[in-house]
Number of protein chains: 2
Amino acid sequence: MGKEVERKFLVSDPAWRSLVEADIRIRQFYVAAQPGRTVRVRISDGRSAELTLKFGDRARERDEFEYPIPLHEAEELMAFAIGRVIEKTRHHVRHRGYLYEVDVFGGVLSGLVVAELETPEDVPDEMLPDWLGREVTGEQKFYNASLALGEIPEIAA
Amino acid sequence: MGKEVERKFLVSDPAWRSLVEADIRIRQFYVAAQPGRTVRVRISDGRSAELTLKFGDRARERDEFEYPIPLHEAEELMAFAIGRVIEKTRHHVRHRGYLYEVDVFGGVLSGLVVAELETPEDVPDEMLPDWLGREVTGEQKFYNASLALGEIPEIAA
């Protein structure tokens with residue numbers, strides 16, 4: 001089990017692109033979603049897959065359990081997806097020693113770019129990169145579960 | 001993924017006890033349960049644990065995905081159980097070549113004994129052992145999810 005402390009930001013400035021260290025093509029979907037808990041399947045680069053259970057409602061801290069599963073079973077599980085299958089490319093971008101995951105969404109969510117900073121520490125605002133847009137930590141509509149299960153958010157950084 | 005075809009019977013006659021080949025102490029609980037899908041954690045003999053996703057509403061056939069998980073994480077997951085933690089001892093009993101799982105429930109479900117026959121074939125009634133009581137295949141209240149999440153059934157074989 002890991003504790004997840006996560007800040008989320010919208011991104012419209014493309015300056016982060018020159019800082020990308022790695023990227024991963026992700027397809028993900030939920031096979032269960034109830035108040036306070038989700039069960040997600042994620043396929044990375046069409047090569048590996050994992051099942052993730054998340055519990056808790058607090059925006060910035062959640063209990064998370066993650067298990068690798070066979071790729072072909074992840075693909076079978078897609079038949080049981082609740083809501084949409086999310087497609088995005090996740091870019092690893094480092095700034096002042098912190099790792100940001102910049103997710104560029106595809107499909108019906110095209111145009112949406114969300115940066116996540118996952119850290120056990122509180123990072124002072126002056127340490128954040130300039131290319132981050134509006135902070136949306138705690139805004140449910142930008143959570144992956146909402147993006148899969150809810151309305152398409154209007155994108156405004 | 002496996003397909004599960006399962007018949008369930010109540011048991012009051014103790015004649016099966018002389019036929020037991022093996023038994024397993026099981027603790028199990030659900031971490032998600034929605035119409036047509038459940039996510040279950042099972043701890044067997046306090047030694048191993050697995051996560052099982054089941055999909056489908058049909059009483060006798062369901063899609064099932066099963067993954068081993070670390071024992072200590074299964075125990076942590078217990079904090080997120082929906083409903084009760086079921087305790088039962090599962091006995092493997094063979095009769096005419098068919099394997100029956102006879103579950104003797106404990107705790108608040110003490111007194112309940114349910115036999116399951118899992119087979120891809122249709123077994124004619126004359127092949128069934130005499131010690132089986134009333135068939136309860138398809139009766140939701142005797143499903144493990146209902147036993148964990150619902151009312152305690154009145155037990156009448």
Side-chain angles (χ1 to χ4, degrees), chain A residues 1-5 27-44 47-85 120 143-146 148-150, chain B residues 1-5 27-44 47-85 120 143-146 148-150:
Chain A
M1 184 181 72
K3 286 277 186 188
E4 192 181 64
V5 183
R27 278 180 298 159
Q28 68 182 38
F29 52 92
Y30 292 85
V31 292
Q34 294 176 264
R37 57 191 69 208
T38 57
V39 181
R40 187 190 70 197
V41 177
R42 172 178 283 176
I43 299 173
S44 298
R47 275 200 304 259
S48 63
E50 60 199 14
L51 186 72
T52 304
L53 285 63
K54 292 191 189 192
F55 298 94
D57 281 316
R58 281 170 301 166
R60 290 174 59 170
E61 204 168 328
R62 299 204 291 176
D63 288 303
E64 193 170 323
F65 298 81
E66 202 155 78
Y67 305 107
I69 65 172
L71 180 61
H72 73 275
E73 295 201 353
E75 280 163 355
E76 286 174 15
L77 280 163
M78 212 178 283
F80 303 105
I82 298 173
R84 33 186 100 81
V85 176
Y143 274 68
N144 281 299
S146 306
L149 305 170
Chain B
M1 185 180 72
K3 287 277 185 188
E4 192 181 64
V5 183
R27 277 180 301 160
Q28 68 181 40
F29 52 92
Y30 292 86
V31 291
Q34 293 177 264
R37 59 191 69 209
T38 56
V39 181
R40 187 189 70 197
V41 177
R42 173 179 281 177
I43 299 173
S44 299
R47 274 201 303 261
S48 63
E50 61 199 14
L51 187 71
T52 305
L53 285 64
K54 294 192 188 192
F55 299 94
D57 281 317
R58 281 170 299 166
R60 288 175 60 171
E61 205 168 328
R62 299 204 291 175
D63 288 303
E64 193 171 323
F65 298 80
E66 202 155 79
Y67 306 106
I69 65 171
L71 180 60
H72 73 275
E73 295 200 353
E75 281 163 355
E76 285 175 15
L77 281 163
M78 210 177 286
F80 304 104
I82 298 173
R84 32 184 102 80
V85 176
Y143 274 68
N144 281 298
S146 305
L149 305 170

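Just so you know, these numbers come straight off a predicted model, no measurement behind them. The chains referred to below are lettered A, B, ... by the order of the sequence lines, with proteins before strands, and numbering in each begins at 1.
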Within residues 31-38 of chain A, the residues sitting under 4.5 Å from chain B by heavy atom, in sequence order, are A:Val31, A:Ala32, A:Ala33, A:Gln34, A:Arg37
Are B:Ile43 and B:Gln28 packed together at the side-chain level, in the sense that at least one heavy-atom pair is separated by less than 4.5 angstrom? no
What pair of heavy atoms forms the shortest contact from A:Ala49 to A:Leu71, and how long is it? CB-CA, 4.2 Å
Quick one: does B:Arg27's side chain get under 4.5 Å of B:Glu75's, heavy atoms only? yes
Under 3.5 Å: donor-acceptor pair, side chain of A:Arg84, backbone of A:Gly150: yes
Best-contacting candidate, B:Leu51, B:Val39, B:Ile82, against chain A by heavy atom pairs under 4.5 angstrom: B:Ile82
Donor-acceptor contact present, side-chain A:Tyr30 to main-chain A:Ala145, <3.5 Å: yes
Can A:Arg40 and A:Glu64 be said to form a salt bridge (Lys or Arg N to Asp or Glu O under 4.0 Å), step by step? CA-CA 11 Å; A:Arg40 187 190 70 197; A:Glu64 193 170 323; 5.2 Å; no
